[in-house]
Amino acid sequence: MNANTAGAPALKQALSTFQLWGIGVGLVISGEYFGWSYGWASAGTLGFAVTAIFIAAMYTTFIFSFTELTTSIPHAGGPFAYSKRAFGPVGGYIAGAATLIEFVFAPPAIALAIGAYLNVQFPALDPKLVAVGAYLVFMTMNMLGVQVAATLELMLALLAIFELLVFMGVVAPGFSLDNFTKGGWAGQDSFSMAAVPGMFAAIPFAIWFFLAIEGVAMAAEEAKDPRRSIPIAYVSGILTLVALALGVMLFAGGAGDWTKLSNINDPLPQAMKMIVGGSSGWLHMLVWLGLFGLIASFHGIIFGYSRQIFALAREGYLPHYFAKIHPRFKTPQRAVLAGGVVGIAAIYSDELIKIGGQTLTANIVTMSVFGAITMYIVSMLALFKLRRSEPDMVRPFSAPMYPFFPLFALLGALVCLGTMVYYNLVMALVFAGLLLAGYVVFLMTSGRRAALAAPQVENA
């Protein structure tokens, strides 16, 4: 179904290139602040650097390839639309379900991180109430219009980047390469094959550096000039994030004993403390402004999941109720609320549901990564398929070094998926079970999709 078909719910085309860049960077920026340093625990600094460079290369080649799809098929469903065009309704279902899992399951974990952060500053605050409050505030911001949401996201992304640069600048005078390299190969000073398993185990934490940048695709229908602005936003966004990831990792590891940072949620403040001490004003500023990184990703992913729910509902993969556009603000408010209900339910189920001995929060982060990697694989396969089946499709941006870039991205994603399954077998089975259950619903609702498609055939 063409997004511009007469009678279809229409989003407002209002986003500039700079705002799209802000959405792309903002979606991901919290991953520069926390989560990645857990990779040091298994791989060491040098081992994790190799893993992170591999993942950065995978994401860079993926984005250069994915941009071809986004500009050729500018659709709020993003990967869902590309896979549906390439492989039909079943392909659309697999990509749409995987993307939905990625974007709906990530926000509760980030909201709880926001709650935990503020609880440290104000112990009387209930972290779960703060998390719910964050949902209410940023769902509201997302419903007030795409310009409001995108402008806020851009401001948050710029503040978060500024703070990362401040961190690197403050730590730089005390930086020592010897600190970074000591025991850098999984605890050993020199490389041996014993370090390799830890490097593979660290893959999910390297993915956290870049997870969700593909969400820019879901803003394609709201871009003023998607064929021009999306390539610029995507390419500059991924290069920005790669530079920040490598810089943050290097400066944090060179600040002192990196092993003290490898199992904590706040590696940057703790690394800065090694250089300037616990009473420095710089440290307090980092702790406070670090919150902007979490909020930027949280706000951006709400934008992403709402467009995915909207697009799936518009084409009958979800109840058509969620395809409603607000008459004044031109935002999919019901889709925003639907993802919020799921997220708030997850927040209050955190301690009640445990899988593999881990809390729900830990598991939904893993589930989100499974969704992302599955979507990457299906998207690259769709690119290859469309190059063969629709060679004359208008492609405002062509993947450079085709077929090598998309092939590297595809093989990298397959390596990541295999590693994730090996280290998270229970969650892999839960993820597969969710996709299978969704597929049963997909088969049961084929009549609804046929009814929605019928008018398009008549009006063709």
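Numbers here are sequence positions counted from 1. Both backbone and side-chain heavy atoms feed into the values below; hydrogens, waters and symmetry mates do not.
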Peer 1: Answer whether the closest heavy-atom distance between the side chains of Leu381 and Phe87 falls below 4.5 Å.
Peer 2: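 Side chain of Leu381 against side chain of Phe87, heavy atoms only: contact under 4.5 Å found.
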Peer 1: Between Gly96 and Leu312, what is the shortest heavy-atom contact and its length?
Peer 2: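 For Gly96 versus Leu312, the nearest heavy atoms are O-CD1, 3.9 Å.
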Peer 1: Go through it in stages, so that I can follow the logic: the residues are Met141 and Ile302, the test is side-chain contact (heavy atoms from CB on, under 4.5 Å), and I'd like the CA-CA distance, side-chain angles, deciding distance and then a yes or no.
Peer 2: CA-CA 10 Å; Met141 298 302 293; Ile302 290 176; over 6 Å; no
Peer 1: Find out whether Leu118 and Leu291 are in side-chain contact, i.e. whether some heavy atom of one side chain is under 4.5 Å from a heavy atom of the other.
Peer 2: yes
Peer 1: Using the side-chain contact (heavy atoms from CB on, under 4.5 Å) rule, take Arg85 and Met393 through it: C-alpha gap first, then chi angles, then the decisive distance, then the call.
Peer 2: CA-CA 11 Å; Arg85 177 103 167 229; Met393 177 192 289; 3.5 Å; yes
Peer 1: What's the shortest heavy-atom distance between Val369 and Met420, and which atoms?
Peer 2: CG1-CE, 3.7 Å
Peer 1: Looking at side-chain heavy atoms only, is the closest gap between Val336 and Phe303 below 4.5 Å?
Peer 2: no
Peer 1: Classify the ring geometry between Phe62 and Tyr376 as parallel (under 30°), tilted (30 to 60°) or perpendicular (over 60°).
Peer 2: tilted
Peer 1: Is there a donor-acceptor pair closer than 3.5 Å between any side-chain N or O of Ser368 and the backbone N or O of Glu102?
Peer 2: yes
Peer 1: Please lay out, stage by stage, how His75 and Glu315 fare under the test side-chain hydrogen bond (donor to acceptor under 3.5 Å, both in side chains).
Peer 2: CA-CA 12 Å; His75 189 288; Glu315 300 207 19; 3.0 Å; yes
Peer 1: Side chain of Thr151, backbone of Val148: donor and acceptor closer than 3.5 Å?
Peer 2: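 Checking the backbone N and O of Val148 against the side chain of Thr151, no donor-acceptor pair under 3.5 Å is found.
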Peer 1: Tyr305 vs Phe103, test: ring pair (Phe, Tyr, Trp, His ring centres under 6.0 Å). Steps then yes/no.
Peer 2: CA-CA 5 Å; Tyr305 81 57; Phe103 276 80; 8.5 Å; no
Peer 1: Checking His326 side chain against Pro332 main chain: does a donor-acceptor pair fall under 3.5 Å?
Peer 2: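 No, His326 side chain to Pro332 backbone: no donor-acceptor pair under 3.5 Å.
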Peer 1: In plain terms, say whether Arg314 and Glu221 are close enough for a salt bridge, that is, a side-chain N and a carboxylate O under 4.0 Å apart.
Peer 2: yes
Peer 1: Got Leu318 and Leu100 here, is their nearest side-chain heavy-atom distance under 4.5 Å?
Peer 2: yes
Peer 1: Could you walk me through whether Ile203 and Phe200 pass the side-chain contact (heavy atoms from CB on, under 4.5 Å) test, one step at a time?
Peer 2: CA-CA 5 Å; Ile203 281 177; Phe200 276 99; 4.0 Å; yes
Peer 1: Can a donor-acceptor pair be found, under 3.5 Å and without considering hydrogens, that links the side chain of Gln270 to the backbone of Pro267?
Peer 2: no
Peer 1: Any chance you could measure Leu414, atom CG, to Thr419, atom OG1, to the nearest 0.5 Å?
Peer 2: 10.5 Å
Peer 1: Do you know the tightest heavy-atom contact between Ile347 and Ala111?
Peer 2: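 Residues Ile347 and Ala111, closest heavy atoms: CD1-CB, 4.2 Å.
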Peer 1: Are side-chain heavy atoms of Tyr38 and Trp208 found at a separation under 4.5 Å?
Peer 2: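 They are not in contact (no side-chain heavy atoms under 4.5 Å apart), so the answer is no.
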Peer 1: Taking the side chain as C-beta and beyond, is there a heavy-atom pair between Ile94 and Tyr439 under 4.5 Å?
Peer 2: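 The answer is no; the side chains never approach within 4.5 Å.
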Peer 1: Just verifying a value: how many Å separate Asn424 CG and Thr366 OG1, rounded to the nearest 0.5 Å?
Peer 2: 5.0 Å
Peer 1: I want to check something: taking the side chain as every heavy atom from C-beta on, are Ile101 and Phe370 in contact at a cut-off of under 4.5 Å?
Peer 2: no
Peer 1: Roughly how far, to the nearest 0.5 Å, is the CG atom of Leu156 from the CD1 atom of Ile23?
Peer 2: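 Here the rounded value is 12.0 Å.
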Peer 1: Given side-chain contact (heavy atoms from CB on, under 4.5 Å), test Phe431 with Thr374 step by step and report yes or no.
Peer 2: CA-CA 10 Å; Phe431 175 70; Thr374 301; 3.3 Å; yes
Peer 1: How long is the span from the CD1 atom in Ile29 to the CG atom in Leu294, to the nearest 0.5 Å?
Peer 2: 11.0 Å
Peer 1: Do Ser42 side-chain atoms and Ala201 backbone N/O form a donor-acceptor pair below 3.5 Å?
Peer 2: no
Peer 1: On a heavy-atom basis, which atom in Gly92 and which in Tyr317 lie closest, and how many Å separate them?
Peer 2: C-CE2, 4.3 Å
Peer 1: Are Ile325 and Thr331 close enough that some pair of their side-chain heavy atoms sits under 4.5 Å apart?
Peer 2: no
Peer 1: Checking the side chain of Tyr93 only, and the main-chain atoms of Leu435 only, is there a donor and an acceptor separated by less than 3.5 Å?
Peer 2: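 Indeed, once roles are kept as given, a pair shorter than 3.5 Å links the two residues.
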Peer 1: To the nearest 0.5 Å, what is the distance between CG (Leu152) and CD (Gln147)?
Peer 2: 12.0 Å
Peer 1: Using modelled atom types and a 3.5 Å cut-off, is there a donor and acceptor pairing between side-chain atoms of Tyr234 and backbone atoms of Ala217?
Peer 2: yes
Peer 1: Please list all pairs passing the salt bridge (Lys or Arg N to Asp or Glu O under 4.0 Å) test where one or both residues lie in residues 57-78, with sequence neighbours left out.
Peer 2: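 For residues 57-78: Glu68-Arg387, Glu68-Arg395.
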Peer 1: I'd like to know if Glu390 pairs up with Lys385 as an ion pair, taking the criterion as any Lys NZ or Arg NE/NH1/NH2 lying under 4.0 Å from an Asp or Glu carboxylate oxygen.
Peer 2: no
Peer 1: Which pair of heavy atoms, one from Ile295 and one from Ile114, lies closest together, and at what distance?
Peer 2: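 So the minimum-distance heavy-atom pair works out to CG1-CD1, 4.1 Å.
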Peer 1: Using only atom types and a distance under 3.5 Å, with no angle test, would you say the side chain of Tyr59 pairs donor to acceptor with the backbone of Phe209?
Peer 2: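 Checked: no pair found.
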Peer 1: Checking Ser379 side chain against Pro79 main chain: does a donor-acceptor pair fall under 3.5 Å?
Peer 2: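 Checking the backbone N and O of Pro79 against the side chain of Ser379, no donor-acceptor pair under 3.5 Å is found.
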Peer 1: Quick one: pull up CZ in Arg307 and CG in Asn142 and give me the separation to the nearest 0.5 Å.
Peer 2: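 Between Arg307 CZ and Asn142 CG, I get 6.5 Å after rounding to 0.5 Å.
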Peer 1: Would you call the rings of Trp40 and Trp36 parallel, tilted or perpendicular if under 30° counts as parallel and over 60° as perpendicular?
Peer 2: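 If you compare the ring of Trp40 with that of Trp36, the planes turn out perpendicular.
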Peer 1: side-chain hydrogen bond (donor to acceptor under 3.5 Å, both in side chains) for Tyr82 and Ser72? Distances and angles first, verdict last.
Peer 2: CA-CA 9 Å; Tyr82 320 147; Ser72 303; over 6 Å; no
Peer 1: Does the ring pair (Phe, Tyr, Trp, His ring centres under 6.0 Å) test come out yes or no for Trp21 and Phe18, once each step is laid out?
Peer 2: CA-CA 5 Å; Trp21 172 87; Phe18 196 26; 5.5 Å; yes
Peer 1: Between Pro231 and Thr67, which heavy-atom pair has the shortest distance, and what is it?
Peer 2: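 Looks like CA-CG2, 3.5 Å.
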Peer 1: Can you check whether Ser30's main-chain N or O pairs, donor with acceptor, with Ser297's side chain at less than 3.5 Å?
Peer 2: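 Yes.
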